[in-house]
Protein chains: 2
Amino acid sequence: MDAGSRIERTLEAALARAGGEDAPPLVASAMRYAVFPGGARIRPRLALGVAAACGGSAPGLAEAAAASIELLHCASLVHDDLPCFDDASTRRGKISVHCAFGEPLAVLAGDGLIVLAFEVLARAGAAAPQRLAPLVTTIAAATGMPNGIVAGQAWESEPAIDLALYHRAKTGALFSAATRAGAIAAGGDPEAWRPLGDYIGEAYQVADDLHDIASSAEEIGKPTGQDAMHGRASAPALLGVEGAIDRLEELVARAIASIPPCEGAGELRAVIQHASKRFVPKSLARVAA
Amino acid sequence: MDAGSRIERTLEAALARAGGEDAPPLVASAMRYAVFPGGARIRPRLALGVAAACGGSAPGLAEAAAASIELLHCASLVHDDLPCFDDASTRRGKISVHCAFGEPLAVLAGDGLIVLAFEVLARAGAAAPQRLAPLVTTIAAATGMPNGIVAGQAWESEPAIDLALYHRAKTGALFSAATRAGAIAAGGDPEAWRPLGDYIGEAYQVADDLHDIASSAEEIGKPTGQDAMHGRASAPALLGVEGAIDRLEELVARAIASIPPCEGAGELRAVIQHASKRFVPKSLARVAA
């Protein structure tokens with residue numbers, strides 16, 4: 001079974017359990033709506049790719065780690081779109097969760113997805129109990145405080161923003177955790193995979209900034225121009241568009257070069273190259289690229 | 001060290017780590033504000049009491065389980081108070097988190113506390129790796145979907161509410177998890193402790209309903225009359241005030257009778273009797289009681 005199908009199957013099983021027969025139906029629907037259909041699933045693909053490159057022992061635990069990371073990513077999107085933050089009416093090309101289900105169910109769907117992420121990990125953890133604590137710790141650190149997604153989003157409420165910490169926490173942390181979690185799940189050395197996650201996370205942030213200025217809302221499925229509107233610093237603002245694209249290409253090259261020598265390295269390079277094709281917005285793509 | 005001090009010390013250590021030097025300061029303050037000073041800390045006291053009654057092996061893991069449950073309870077209070085739910089301006093006798101810090105930081109503080117709860121468990125889990133998976137699973141099930149706090153709160157957004165599921169999920173689940181988590185953390189049999197948690201949870205729900213009709217907001221530190229205002233069914237509405245007090249006393253008696261024979265049973269009875277003194281509002285307390 002290919003990586004994409006393994007990810008969808010694991011997410012499907014988790015959401016089916018969360019929406020079991022006793023569940024209040026609306027919030028269960030809101031949680032499904034937030035997860036399916038997904039985006040590129042880059043983070044879970046990265047986690048599974050690293051797990052395979054590490055030898056792939058305990059594949060169920062790797063799938064759980066990948067799904068957990070994707071559930072946390074989806075939760076963060078639901079909460080980021082709320083009226084008190086970006087007040088976004090669209091996401092992934094459809095109506096955002098709070099616009100479709102109302103604000104109370106959007107808050108609860110996000111909460112439910114966060115809890116589900118850790119439950120998915122724990123249910124798979126029995127297969128390799130020694131790996132569960134480092135997995136939960138790694139993924140929680142990338143999500144919570146002081147350096148995870150919550151911290152990243154919270155920097156936007158500070159009177160003075162630390163840009164390096166902001167970007168690393170809001171975007172980089174979960175990518176960085178994805179490679180390390182894949183390694184932990186498969187019994188590999190997480191630190192050997194940290195540079196790969198860090199570079200991809202940084203590349204993704206630059207890509208997101210480029211999409212924010214270059215794409216139409218129709219093309220990427222969510223409101224654009226948010227950085228300028230909210231006065232947020234971005235790579236194109238700091239480096240210019242050409243400079244930002246150069247930086248992005250450099251980061252992807254560094255990411256690929258950082259892959260430790262291993263059996264699955266070729267496949268993992270393919271995952272990254274495939275993902276990075278989506279990084280530069282169509283309207284900015286260089287003819288020569 | 002007494003149970004109360006062990007709970008505060010564990011919560012303090014968790015919040016200190018979450019508010020570490022890289023943390024965005026406002027959300028870190030909001031998280032502390034949501035946790036300190038606490039209420040009666042009934043759930044974590046129950047967890048520690050059961051762990052002690054089970055023999056008390058791995059006390060650090062029991063403290064982590066207790067703190068994790070309290071963090072999740074605090075997170076649920078922060079989100080329940082949001083304008084899109086109860087829109088409560090006070091909690092535990094002070095201004096609610098969203099009124100003190102604004103709505104974005106209240107959403108994020110709740111999210112951060114949920115993640116922190118699982119991180120606390122995982123950091124203590126290395127002491128007894130085989131117990132971590134059932135601990136996370138038990139606590140997550142009491143918090144998320146389909147039967148945890150998130151589900152309970154979400155029933156309020158349904159056009160037709162299943163009252164039994166609603167009460168069990170919104171209030172009962174975390175009490176029930178508290179006794180089982182205490183047992184798991186200490187290497188005991190969680191199922192032997194399920195009735196205790198279930199009875200206390202049900203008693204607490206009746207108590208909460210009585211407080212909602214009987215107390216002034218000043219006395220209990222949060223808005224009252226919410227059930228009637230939001231059209232929610234409650235024990236006094238169904239049984240009358242006298243009937244509800246009878247039911248409460250019966251549930252506490254059953255809870256105490258359900259404690260399995262064990263060395264720490266006496267101490268645990270004392271914890272429950274102490275907690276249950278707060279259950280009947282002063283203005284409704286019977287002279288003979």
Q: If you tally heavy-atom pairs under 4.5 Å against chain A, which of B:Ile139, B:Leu116, B:Thr138, B:Asn147 wins?
A: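 It is B:Asn147.
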
Q: For A:Val107, is it the side chain, the backbone, both, or neither that has a heavy atom closer than 4.5 Å to a heavy atom of chain B?
A: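 Just its side chain gets close to chain B.
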
Q: Using a cut-off of under 4.5 Å on heavy-atom pairs, state which of B:Pro159, B:Ala126, B:Pro25 scores highest against chain A.
A: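 Heavy-atom pair counts peak at B:Pro25.
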
Q: Hey, which of A:Glu119, A:Gln153, A:Glu158 has the most heavy atom pairs under 4.5 Å with chain B?
A: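 The residue among A:Glu119, A:Gln153, A:Glu158 with the greatest pair count is A:Glu158.
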
Q: Count the heavy-atom pairs under 4.5 Å between each of A:Gly19, A:Cys84, A:Ala141 and chain B, then report the option with the highest count.
A: A:Cys84

Q: Please list, in residue-number order, every residue in residues 28-39 of chain A that has a heavy atom less than 4.5 Å from any heavy atom of chain B; write 'none' if there are none.
A: A:Ala28, A:Met31

Q: If you tally heavy-atom pairs under 4.5 Å against chain B, which of A:Ala122, A:Pro83, A:Ala169 wins?
A: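 Max contact count across the listed options: A:Ala122.
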
Q: In chain order, what residues pass the ring pair (Phe, Tyr, Trp, His ring centres under 6.0 Å) check against A:Tyr204, with sequence neighbours excluded?
A: A:Phe175, A:Phe279

Q: Quick check: do A:Val115 and B:Met145 have side-chain heavy atoms less than 4.5 Å from each other?
A: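 A side-chain contact is absent here, since even the closest heavy-atom pair is not under 4.5 Å.
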
Q: Heavy atom to heavy atom, less than 4.5 Å: which residues from residues 127-136 of chain A reach chain B?
A: A:Pro129, A:Gln130, A:Leu132, A:Ala133, A:Val136

Q: Within residues 180-189 of chain A, which positions have a heavy-atom distance to chain B below 4.5 Å?
A: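 From residues 180-189 of chain A, none sit under 4.5 Å of chain B.
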
Q: What part of B:Leu82 is in contact with chain A, defined as an atom under 4.5 angstrom from a non-hydrogen atom: side chain, backbone, both or neither?
A: side chain

Q: Contact between B:Leu121 and A:Phe118 at the side-chain level, heavy atoms closer than 4.5 Å - yes or no?
A: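 Side chain of B:Leu121 against side chain of A:Phe118, heavy atoms only: no contact under 4.5 Å found.
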
Q: Over all heavy atoms of both residues, which pair between B:Ala154 and A:Leu105 is shortest? Give the atoms and the distance, please.
A: CB-CD2, 4.3 Å

Q: Does some side-chain heavy atom of A:Asp111 sit less than 4.5 Å from a side-chain heavy atom of B:Ser76?
A: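 Side-chain contact under 4.5 Å: no.
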
Q: List the atom of A:Asp22, the atom of B:Arg168, and the distance in Å for their closest heavy-atom pair.
A: OD2-NH2, 4.3 Å

Q: Please report the interatomic distance CG(A:Leu26) to OG(B:Ser157), rounded to the nearest 0.5 Å.
A: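 Interatomic distance, A:Leu26 CG to B:Ser157 OG, rounded to 0.5 Å: 7.5 Å.
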
Q: Side chain, backbone, both or neither: which part of B:Leu108 has a non-hydrogen atom closer than 4.5 Å to chain A?
A: both

Q: Locate the shortest heavy-atom distance separating A:Pro146 from B:Ala23; write the atom from each residue and the value.
A: CB-CB, 3.5 Å

